[in-house]
2 protein chains.
Amino acid sequence: MIQNLNKHERESLHEALAKSGQKITPQREIVYTVLLAQRDHPTVDEVYHRALETMPGLSLATVYNCLETFVGCGLVRQVNHERESTRYCPNLAPHAHFRDESTGRVHDIELPKEILDQLTKILPANFETETIEISFQGRTKTSNKN
Amino acid sequence: MIQNLNKHERESLHEALAKSGQKITPQREIVYTVLLAQRDHPTVDEVYHRALETMPGLSLATVYNCLETFVGCGLVRQVNHERESTRYCPNLAPHAHFRDESTGRVHDIELPKEILDQLTKILPANFETETIEISFQGRTKTSNKN
DNA sequence: TTGAGATTTTGAATCATTCTAAACGGCTAA
DNA sequence: TTAGCCGTTTAGAATGATTCAAAATCTCAA
Ligand SMILES: [Mn+2]
Ligand SMILES: [Mn+2]
Ligand SMILES: [Zn+2]
Ligand SMILES: [Zn+2]
């Protein structure tokens, strides 16, 4: 059902892990594969159930561990909305998130560098930003299957 | 220790509650007073302990209830950072939040309308925004007592 | 003054996440 | 080859913010 990682994907997984002294494991490979296969910002539980189809016996704790590892080495971003379960996103380009309240789905919104620059400028001089999160909430109109 | 609400503040509390068919109660008055007295984005627990000094016997559940009520009638905003406890903010002007990772403090950042407009423009045409959240994380430099 | 409905209170329940400790696996030095 | 080391995985318990349930209390219009 789920394709394996291609050479390039496996390479970037290996490289990111190696950079922080960690190894590729079958579990990590599958979890990462699941994230790349369907970029719909799944929760831990969703990742878990998708991964189970390829690797029965995989444990939920391991999915937590893998995702935490990926976040730690910069391969994946966490996406939070209100108090809902944390979601995971393998899109490394700077982007915002739009959460559709009627479907619960989370969409990537491309973020022009120019806007990021402007945002940085509204901060007092002594505020040093490490990360900026922008999230929209609303609804998508019309019969749109996306 | 904590000043009462002034005429204007009590008025806007009453008005906001009335609009959604709810009443002023001593508990709600105190919780709102606590929020206005120290605009440092307190957690529920912090609001609770501050309010206890004025009204011993107040319950934590009531603080949850009051804050939920205020959010519901638009008097107060929730502020979330990662998976930490929800914080509350009575600043109704459009603004972003900067969270200082070294102190844990959350600062209001004034948000030019112009930037909000630009942000809305990066969305696909059929995306209707209800709210936009912008949050910075980083550190404040130098010996700054703010 | 009274009763209906709103609010408060206590304590239990929920549930995503984290923690603990034991089992596992691969790798290397002897 | 074997023994030990260390990172990883696993199952299950613990945590902690938040929500829920039910009973007590309060408010206010009639
Ligand atoms: Mn968020
Ligand atoms: Mn946030
Ligand atoms: Zn994303
Ligand atoms: Zn604020």
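As the structure is a computational prediction, the values presented were derived from the model and not from experiment. Values reported hereafter were calculated over all heavy atoms of this structure, with side chains retained and with hydrogens, waters and symmetry mates removed.
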J.: Go through the structure and list residues passing ring-ring contact (aromatic ring centres under 6.0 Å, His included) with A:Phe98, not counting sequence neighbours.
T.: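 So A:Phe98 forms a ring-ring contact (aromatic ring centres under 6.0 Å, His included) with B:Phe127.
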J.: Does A:Asp108 reach the side chain of A:His97, with side-chain heavy atoms less than 4.5 Å apart?
T.: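 Contact flag for A:Asp108/A:His97 side chains = yes.
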J.: To the nearest Å, how far apart are B:Tyr48 OH and C:dT8 P?
T.: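 The answer, rounded to whole Å, is 14 Å.
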J.: Shorter than 3.5 Å, N or O on both sides, protein versus nucleotides 15-17 of chain C: list them out with atom names.
T.:
residue: C:dT17; atom: OP1; partner: A:Thr86; partner atom: N; Å: 3.0
residue: C:dT17; atom: OP1; partner: A:Thr86; partner atom: OG1; Å: 3.0
residue: C:dT17; atom: OP2; partner: A:Tyr64; partner atom: OH; Å: 2.9

J.: Just the table, please: protein N/O against nucleotides 27-30 of chain D N/O, every pair under 3.5 Å.
T.:
none

J.: Indicate yes or no: at least one non-hydrogen side-chain atom of A:Ser135 is less than 4.5 angstrom from one of A:His81.
T.: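 They are in contact (side-chain heavy atoms under 4.5 Å apart), so the answer is yes.
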J.: Which is true for B:Gly21 with a 4.0 Å heavy-atom rule: it touches a base, it touches only sugar-phosphate, or it touches nothing?
T.: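 Answer is nothing: B:Gly21 stays at 4.0 Å or more from every strand.
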J.: Is the shortest side-chain heavy-atom distance between B:Glu110 and A:Ile122 below 4.5 Å?
T.: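 With C-beta onward as the side chain, the pair stays apart.
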J.: Is the distance from OP1 or OP2 of D:dC26 to the nearest side-chain N or O of B:Gln27 less than 4.0 Å?
T.: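 So the side-chain polar atoms of B:Gln27 never come under 4.0 Å of the phosphate oxygens OP1 or OP2 of D:dC26.
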J.: Are any of the side-chain heavy atoms of B:Val34 and B:Thr54 separated by less than 4.5 Å?
T.: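 No - every pair of side-chain heavy atoms lies 4.5 Å or more apart.
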J.: Under 3.5 Å, is there a donor-acceptor pair linking the side chains of B:Glu46 and B:Gln38?
T.: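 No, no side-chain donor-acceptor contact under 3.5 Å.
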J.: Is the shortest heavy-atom distance from the side chain of B:His107 to the side chain of A:Pro124 under 4.5 Å?
T.: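 Contact flag for B:His107/A:Pro124 side chains = no.
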J.: Can a side chain N or O of A:Ser59 be found less than 4.0 Å away from OP1 or OP2 on D:dT10?
T.: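 Yes, such a contact exists.
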J.: Taking side chain as C-beta onward, heavy atoms only, is B:Ile24 less than 4.5 Å from B:Arg10?
T.: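 They are in side-chain contact.
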J.: What is the separation between atom CD1 on B:Ile30 and atom C1' on C:dT8, rounded to the nearest whole Å?
T.: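 After rounding, the gap between these two atoms is 13 Å.
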J.: In this structure, how many angstroms lie between the C1' atom of C:dT8 and the CG atom of B:Leu67, rounded?
T.: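 In whole Å, C:dT8 C1' and B:Leu67 CG are 14 Å from each other.
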J.: Does a side chain donor of either B:Arg83 or A:Thr86 reach within less than 3.5 Å of an acceptor in the other side chain?
T.: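 The answer is yes; a qualifying pair exists.
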J.: What are the atom names and distances for every N/O pair under 3.5 Å that joins the protein to nucleotides 20-22 of chain C?
T.:
none

J.: Rounded off to whole Å, could you give me the CE-to-P distance for the B:Met55 and D:dC26 pair?
T.: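 Distance, rounded to whole Å: 11 Å.
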J.: In whole angstrom, what separates A:Leu52's CG from D:dT10's P?
T.: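 After rounding, the gap between these two atoms is 10 Å.
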J.: Taking the side chain as every heavy atom from C-beta outward, state whether B:Tyr88 and B:Val44 have any atom pair closer than 4.5 Å.
T.: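 A side-chain contact exists here, since the closest heavy-atom pair is under 4.5 Å.
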J.: Do B:Thr33 and B:Glu9 have side-chain heavy atoms sitting under 4.5 Å apart?
T.: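 They are not in contact (no side-chain heavy atoms under 4.5 Å apart), so the answer is no.
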J.: Is it true that A:Asp117 and A:Lys121 make a salt bridge, defined as a side-chain N closer than 4.0 Å to a carboxylate O?
T.: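 Not counted as a salt bridge, because no side-chain N and carboxylate O are separated by less than 4.0 Å.
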J.: Could you tell me the separation between the CG atom of B:Asn65 and the P atom of C:dT10, rounded to a whole number of Å?
T.: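 From B:Asn65 CG to C:dT10 P: 12 Å.
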J.: Rounded to whole angstroms, how far apart are CD on A:Glu29 and P on D:dT9?
T.: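 Result: 12 Å.
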J.: Which residues, if any, of residues 8-19 of chain B bring a heavy atom under 4.0 Å of DNA chain D?
T.: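 The answer is none.
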J.: Identify each donor-acceptor pair in which a side-chain atom of residues 61-70 of chain A lies under 3.5 Å from a protein atom, sequence neighbours left out, and give them as a table.
T.:
residue: A:Thr62; atom: OG1; partner: A:Ser59; partner atom: OG; Å: 3.0
residue: A:Asn65; atom: ND2; partner: A:Ala61; partner atom: O; Å: 3.3
residue: A:Thr69; atom: OG1; partner: A:Asn65; partner atom: O; Å: 2.9

J.: Please determine if B:Glu82 and B:Arg99 form a salt bridge, counting it only when a charged side-chain N lies under 4.0 Å from a carboxylate O.
T.: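 Here B:Glu82 does not pair with B:Arg99 in a salt bridge, since their nearest N and O are not under 4.0 Å apart.
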J.: Rounded off to whole Å, could you give me the CD-to-P distance for the B:Glu68 and D:dT18 pair?
T.: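 In whole Å, D:dT18 P and B:Glu68 CD are 12 Å from each other.
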